[in-house]
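Throughout, protein chains are lettered first and strands after them, A, B, ... in sequence-line order, and every chain is numbered starting at 1.
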Number of protein chains: 2
Amino acid sequence: MSRTPHHPTRDQIELPMVLDCLSDPIRLAIVYQLAQQERVSSELRCSDFSALSGKSNLAYHFAKLRECGLMQTRIAGTNRFMRLRREDLEARFPGLLDAVIKSAAKDADRLPLVSGCDLIEVDRK
Amino acid sequence: MSRTPHHPTRDQIELPMVLDCLSDPIRLAIVYQLAQQERVSSELRCSDFSALSGKSNLAYHFAKLRECGLMQTRIAGTNRFMRLRREDLEARFPGLLDAVIKSAAKDADRLPLVSGCDLIEVDRK
DNA sequence: TCGATAGTTCAATCAATCTTGAACAAATGG
DNA sequence: CCATTTGTTCAAGATTGATTGAACTATCGA
């Protein structure tokens, strides 16, 4: 098993892959939840997303989000801490991530997985 | 055969469907080409996209673009005129379509189907 | 060292997607 | 009225995608 999961460089981030990644309701909810939590902390653990799906299915979606350059994973002990690659995405596709997140927020009532995200409270550490 | 193809109402446009539609290279190129041509005319015919794929495959992608609310089709004789539903999309997801189109423009050299679009000249009518 | 915890990887299944070509429908123009 | 043009629809195939549970790896705490 690789010690550190593979991440594309900023330059390797591709638009169709990013859009495809964001088009899945579970992955959109993951990104949205990360974005919502950013004002508190820039990172969340895998288990913070357990409301969205089962462990192995989440691992599958996390891998997709990493491979397309939307997310970065930092390993710390048995935990994986995820954060959005905001700067890289803004450099590659200015305004895109914000527009998607705002659109998801606007439509939260239609996106059940997204609307559940706001309720999560982070009070650890 | 239905006289007028089905189009969702503005309110029925869904974010995941829009993102998924835009994640396909051929559909992204169609949208990009429509956007580029907008300063000349807001409409293009199906055959204007023949460089992107074969007829039946294009019809498949046109249907997808219509069903997700990105495009509108107007029938005139044997021609179908397509245009972007800019106002509806802006109302539903402000800034999203522009961000995608600008991202595609920025990456045109990496998106072969997109980069070919700028060359098309409209001198009919 | 021994469990318990946190995630990943694998294999299998099921569904969705893209692509192609052939057949079809509708309007145009001679 | 017939051939042409324009575009859709259908059926088939190949590919990709999502989901599940079981097995696995690695780390931490007692």
Side-chain angles (χ1 to χ4, degrees), chain A residues 1-7 14 16-31 34 43-68 70-83 112-113 122 124-125, chain B residues 1-7 14 16-31 34 43-68 70-83 112-113 122 124-125:
Chain A
M1 186 188 295
S2 58
R3 262 352 317 288
T4 302
H6 172 259
H7 295 87
E14 305 276 359
M17 286 186 66
V18 168
L19 294 174
D20 184 54
C21 238
L22 292 169
S23 73
D24 181 274
I26 290 183
R27 291 192 294 259
L28 182 60
I30 292 169
V31 167
L34 279 168
E43 293 180 319
L44 284 175
R45 299 180 309 182
C46 296
S47 57
D48 291 322
F49 303 92
S50 57
L52 298 175
S53 187
K55 279 202 317 180
S56 65
N57 191 227
L58 282 178
Y60 165 76
H61 288 297
F62 291 148
K64 286 248 161 187
L65 285 161
R66 273 195 305 268
E67 284 159 18
C68 85
L70 273 165
M71 250 178 37
Q72 198 167 25
T73 301
R74 177 177 66 88
I75 298 182
T78 74
N79 292 313
R80 264 80 165 169
F81 286 95
M82 330 291 243
R83 71 165 221 267
L113 295 180
V122 178
R124 71 174 63 85
K125 263 205 184 140
Chain B
M1 186 188 296
S2 56
R3 260 358 315 290
T4 301
H6 171 258
H7 296 86
E14 304 276 359
M17 286 186 67
V18 168
L19 294 173
D20 184 54
C21 237
L22 291 169
S23 73
D24 181 274
I26 289 183
R27 292 192 293 260
L28 182 61
I30 292 170
V31 167
L34 279 168
E43 293 181 320
L44 284 174
R45 299 179 309 181
C46 295
S47 57
D48 291 321
F49 303 92
S50 57
L52 298 175
S53 187
K55 279 201 317 179
S56 63
N57 191 225
L58 282 179
Y60 164 75
H61 287 298
F62 291 149
K64 286 250 160 187
L65 286 161
R66 273 194 306 268
E67 285 159 17
C68 85
L70 274 164
M71 252 178 36
Q72 198 168 24
T73 301
R74 178 177 65 87
I75 299 181
T78 74
N79 291 314
R80 265 80 166 171
F81 286 94
M82 330 292 242
R83 70 163 220 266
L113 295 180
V122 178
R124 73 174 59 86
K125 267 208 184 138

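As rounded to whole Å, 15 Å separates atom P of C/dC18 from atom CG of B/Leu52. Regarding A/Met17, its CE atom lies at a distance of 13 Å from the C1' atom of D/dT16, rounded to whole Å. D/dG7 atom P lies 11 Å from atom CE of B/Met71, rounded to whole Å. Regarding B/Leu44, its CG atom lies at a distance of 16 Å from the C1' atom of D/dG7, rounded to whole Å. If you take CZ of B/Arg45 and C1' of D/dT5, they are 10 Å apart, rounded to a whole angstrom. The CG-P distance, from A/Leu58 to D/dG21, rounds to 13 Å in whole Å. Rounded to whole Å, atom C1' of D/dT5 lies 14 Å from atom CG of B/Asp48. Here D/dG17 presents its C1' atom at 14 Å from CG of B/Asp24, a figure rounded to the nearest Å.
Each of A/Leu22, A/Val18, A/Asp24 was compared with B/Leu19 under the side chain to side chain contact (heavy atoms under 4.5 Å, CB included) criterion, and only A/Leu22 meets it. Partner A/Thr73 forms a side-chain hydrogen bond (donor to acceptor under 3.5 Å, both in side chains) with one of A/Glu43, A/Arg80, A/Arg66 and no other, that one being A/Arg66.
Atoms CG and CG, on A/Asn57 and A/Leu52 in that order, are 10.0 Å from each other to the nearest 0.5 Å. With values rounded to the nearest 0.5 angstrom, A/Leu34 atom CG is found 4.0 Å from A/Phe49 atom CZ. Residue A/Asn79 holds its CG atom at 5.0 Å from CZ of A/Arg45, rounded to the nearest 0.5 Å.
Each of A/His61 and B/Phe62 was matched to the nucleotide of DNA chain D holding its nearest heavy atom; the match closer to the 5' end belongs to B/Phe62. Residues A/Ala76 and A/Lys64 both approach DNA chain D. Their nearest nucleotides, taken by heavy-atom distance, put A/Lys64 toward the 5′ side.
Among the atoms of the strands shown, only primed sugar atoms or phosphate atoms (P, OP1, OP2) are found under 4.0 Å from some heavy atom of A/Ile26.
Within the 4.0 Å cut-off from OP1 or OP2 of D/dA26, not a single side-chain nitrogen or oxygen of A/Arg80 is found. In terms of phosphate contacts, A/Arg66 brings a side-chain nitrogen or oxygen within less than 4.0 Å of OP1 or OP2 of C/dT8. Residue A/Asn79 has no polar side-chain atom (N or O) positioned under 4.0 Å from OP1 or OP2 of D/dT27. Considering only side-chain N and O atoms, A/Ser56 lies nowhere under 4.0 angstrom from the phosphate OP1 or OP2 of D/dA22.
Looking at B/Ile30 and B/Met71, their side chains come closer than 4.5 Å, going by heavy atoms from C-beta outward. Put simply, the side chain of A/Leu113 does not reach to within 4.5 Å of the side chain of A/Leu28, judged on heavy atoms.
Among the nucleotides D/dG7, D/dT20, C/dA26, the one closest to the side chain of B/Thr78 is C/dA26. With C/dT9, C/dC18, D/dT8 as the candidates, the nucleotide lying closest to the side chain of B/Lys55 is D/dT8. When the nucleotides C/dT20, C/dT17, D/dG7 are ranked by their closest atom to the side chain of B/Ser47, D/dG7 comes out on top.
Scanning both residues, B/Ser53 and B/Ile26, for their nearest heavy atoms gives CB-CD1, 3.9 Å. Taking both residues in full, the closest heavy atoms of A/Arg27 and A/Cys21 are given as NE-O, 2.9 Å, listed atom of the first, atom of the second, then distance. The two residues A/Ser23 and B/Asp20 make their nearest non-hydrogen contact at CB-N, 3.3 Å.
Across its full length, the helix from C/dT19-D/dA12 to C/dG30-D/dC1 shows an angle of 10° between the axes of its 5 terminal pairs at either end, rounded to 10 degrees.
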Could you list, one pair per line, each protein nitrogen or oxygen that sits under 3.5 Å from a nitrogen or oxygen of nucleotides 2-4 of chain C, together with the distance?
none

